[in-house]
Colleague: 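One structure, pasted below without further comment.
Chain identifiers are assigned alphabetically (A, B, ...) following the order of the sequence lines, protein sequences preceding nucleic acid strands; residue numbering begins at 1 within each chain. Predicted model, so just to flag it, every value in this text is computed and none were measured. Both backbone and side-chain heavy atoms feed into the values below; hydrogens, waters and symmetry mates do not.
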Number of protein chains: 2
Amino acid sequence: MNLPALRGHNEALVLELLRGAGPAGLGRTELAARTGLTPQAVSKITARLGADGLVAEAGRAASTGGKPRTLLRLVPDVRHAVGVHLDRDALRAVRVDLAGRVVAESGGPLDFAAGPEAAVEAVVRAVGRVGAHAGPPLVGVGVAAPGPLDHRAGVMGRVTGFPSWKGFPLKGVLEGRLGLPVLLDKDTNAGAAAAAGAWLRSTWPEAGAGADAYADAGRGAGAGAGAGVGVGPGAGADVGPGVGAGGDVLLGGGPRTCVYLHVGTGLGAGLWLGGGVYRGARSAAGEFGHQVLLLDGPPCRCGARGCVEVLCLEAVARGDLPAAARIVGEAAANLVALLDVDRVLLGGRVVAAAPDVFVAGVGAVLAARALDPARPVVALAGAGVAEGAAEMALAPLFGRG
Amino acid sequence: MNLPALRGHNEALVLELLRGAGPAGLGRTELAARTGLTPQAVSKITARLGADGLVAEAGRAASTGGKPRTLLRLVPDVRHAVGVHLDRDALRAVRVDLAGRVVAESGGPLDFAAGPEAAVEAVVRAVGRVGAHAGPPLVGVGVAAPGPLDHRAGVMGRVTGFPSWKGFPLKGVLEGRLGLPVLLDKDTNAGAAAAAGAWLRSTWPEAGAGADAYADAGRGAGAGAGAGVGVGPGAGADVGPGVGAGGDVLLGGGPRTCVYLHVGTGLGAGLWLGGGVYRGARSAAGEFGHQVLLLDGPPCRCGARGCVEVLCLEAVARGDLPAAARIVGEAAANLVALLDVDRVLLGGRVVAAAPDVFVAGVGAVLAARALDPARPVVALAGAGVAEGAAEMALAPLFGRG
DNA sequence: GCACTTCGGCAACACTGTTGCCAAAGTGGT
DNA sequence: ACCACTTTGGCAACAGTGTTGCCGAAGTGC
């Protein structure tokens, strides 16, 4: 770590806290206390961020016996990011602001089998549709694709059924075409990032309707319970001393843990542990489908017997979705107990076919087996994978790169 | 992060690399390349560390076409740490050097039911036996105790069967008595730290026999395959250019992942993920015993059916240890696949009763179900929990506090 | 013997967060 | 209305970080 890196680190720390605080903002003194920096250092850092337009004043808090603190808040519209969900038969791109709120989206069918070159064109077009208009600069593009793939190198792996993709350097090619930093990751990891992002977003009201001008597709199912009421930004003045519940969400207690469970042709999991995606020693973490749940059960294609995958897909094949949901729920409960998970998001084709059955079925098992019945929260990922990819593109700005 | 913290961070980075390199050492240029710092910065940092006695020159490497690099190595004997394993019926304390090698140990029976005050006296006596003699300063004391407990506050939780311990501030009391920093953590987490520490230790030869003068108990079973041959320290000069395999272990590929599985009156797991112990959002991670492995199986005391714990303990009760090992193995394989684990350590009373049966049984299942048959490595934790506690006390020095 | 490469130290430097000081802007008691 | 007190936050000088430019030392290879 050198001096420029230190500077970036502290700026990211401040931005992360301000993001968590929402439009109400935070005082400099509070930032100093939470970052461990001196008030003077915070003043210098926020002055730089203010000069870049990333941070603005947001009124004053009530006095606590002296001069009232000047609240600072993140200006979400000064930078955007794009997230792309590259699926086996569809593509969806979203443009989000710094708070992670969708301001534009675009989507359509995609023939994954047509090969990587055609998909690159489709991605470039989709990014152009959500991002080519006049608007704030893009900090990067996150791309979520079916695994396995090499996240660090940005190279695709062997996607079952699509041999032409193996070894394709998607990150490099897209960076060349778009002239922007590109992050490539598994769709399940992006799902986990979306689950984590939902917390961060939760302190911000919905994006203003005016920004939606160039959306060309309807909004998806949304990622669970939103804040609902839209209080225009900049309205947060005179908020008592106990502000910053959002910040507490980030720093209080342990780090938040989210899991995304994908139920499609196979079962996979994305893990968000301790403030970032957990990929394991060889980027192979998240193998959830071949968890044995019924010793000596029916044989699975993986060679073992009684895997979640074979049990779940058998239940789906015979049309018994509640049974499939219960099986996923038991496996999810194993995972939740092992990793002390806060939030579970469900996604994938099978879930999308009967979302209520799965959310209710998985939720029931988790509630029955969890130590704390209020956790974990189960929700539907909906169209959230692209949002998660955008979240990953945003992450470096907030020190989670 | 402020300037002193930056300084400490970079010093820790260098120390960590030097620890991984073993007695052979590393050149300044290599340190610069791996830390991302400039050679000048590395020179300043190593000069400071050299003045403190933590780092010394270790000969010169072969030239690569210019002036040969001066190798630097960690001086393990300049600081020590103590690890204490506080078990339900025994206590074991080890004194380790900076490489994590045991230089003294002490152990004996302990009546956990006699209450915390008596145990504090026992810990203080044991630390005195391994640490009161003239020797290098101690950086801290790690204490591993039966969970649950509050790691951050250092307060004991409700240990089943020992109500007098609930809420006892062990960390604070011991710090007062010993005048040293004390870290309190669950025994399973210490086991995971021991598993991870085995890698770090592996580049160092066994500690010299001379240092064992005041050991008063025989060594335990050891933590798996040791390096074996004891080459005295300081012998490593003139090692070709491709040095530092130990350092690659730390930085190459993804972070190493270790798991400790405890099989005793219950089953628990300690997780070492991404360079540190993973505790989860509410320090509840590692709940391994109530993983459901047989849907609708026999009822468990936790309320669910078919948990690993009930299956395993049933097999143990009827004397079928291979079956018990197979059950633990299947559950371990689920965990290994989910988290992409490199190394599994087995410990606990049940394992200790028939170590070979469990290592072979668990290993067979893992080999059958793992993607890479060479991983994960299964080994016996032996007496390693105290070593893990010492490893945790050492961790802040190497930037993993 | 010479050109070249590589290592590593010295001094000056740019930039970080910190300290000491002070003005501004409130509250609350008299 | 006044004054003492608290709290916020900026200005200037400062200590300490890693960085740059330069140079000598110590090897290799032609």
Colleague: Under 4.0 Å between a side-chain N or O of A:Thr38 and OP1 or OP2 of C:dG17?
Modeller: no
Colleague: 5'-most contact on DNA chain D: A:Ser43 or B:Asn10, nearest heavy atom basis?
Modeller: A:Ser43
Colleague: Please state how far atom CG in A:Leu71 lies from atom P in D:dT8, giving the value in whole angstrom units.
Modeller: 12 Å
Colleague: To the closest 0.5 Å, what do you measure between CG (A:Leu13) and CZ (A:Arg34)?
Modeller: 11.5 Å
Colleague: What is the distance, to the nearest angstrom, from the CZ atom on B:Arg48 to the C1' atom on C:dG9?
Modeller: 16 Å
Colleague: How many angstroms lie between atom CG of B:Asp97 and atom CZ of B:Arg79, to the nearest 0.5 angstrom?
Modeller: 13.0 Å
Colleague: Distance check, rounded to the nearest 0.5 Å: B:Trp272 atom CH2 versus B:Arg256 atom CZ?
Modeller: 13.5 Å
Colleague: For A:Thr46 and A:Arg28, which heavy atoms make the closest approach, and how far apart are they?
Modeller: OG1-NE, 3.6 Å
Colleague: B:Val96 and side-chain contact (heavy atoms from CB on, under 4.5 Å): which single residue from B:Leu394, B:Val103, B:Val82 fits?
Modeller: B:Leu394
Colleague: Take the protein atom CZ of A:Arg60 and the nucleotide atom C1' of C:dA24, then report the distance between them rounded to whole Å.
Modeller: 9 Å
Colleague: Taking CD from A:Glu11 and C1' from C:dT16, how many angstroms apart are they, rounded to a whole number?
Modeller: 12 Å
Colleague: Can a donor-acceptor pair under 3.5 Å be found between the side-chain atoms of B:Gln40 and the base atoms of C:dC10?
Modeller: yes
Colleague: Looking only at side-chain N and O atoms, does A:Thr29 come under 4.0 Å of OP1 or OP2 in D:dT8?
Modeller: yes
Colleague: Between A:Met1 and A:Pro68, which is nearer to the 5' end of DNA chain D once each is assigned its nearest nucleotide?
Modeller: A:Pro68
Colleague: Without decimals, in angstroms, what is the distance between A:Leu3 CG and C:dT16 C1'?
Modeller: 5 Å
Colleague: Nearest whole Å is fine: how far is C:dG17 P from A:Asn2 CG?
Modeller: 13 Å
Colleague: Between A:Leu13 (CG) and C:dG17 (C1'), how many Å, whole number?
Modeller: 14 Å
Colleague: Check this for me: does the side-chain of B:Lys67 come within 3.5 Å of the base of C:dG8 through a donor and an acceptor?
Modeller: no
Colleague: Can you tell me the distance, in whole Å, between the CD1 atom of B:Ile45 and the C1' atom of C:dG8?
Modeller: 15 Å
Colleague: Let me know, please, whether B:Arg28 or A:Leu37 comes out on the 5' side of the other along DNA chain C by nearest nucleotide.
Modeller: B:Arg28
Colleague: Phosphate oxygens OP1/OP2 of C:dG8: is one of them under 4.0 Å from a side-chain N or O of B:Thr70?
Modeller: yes
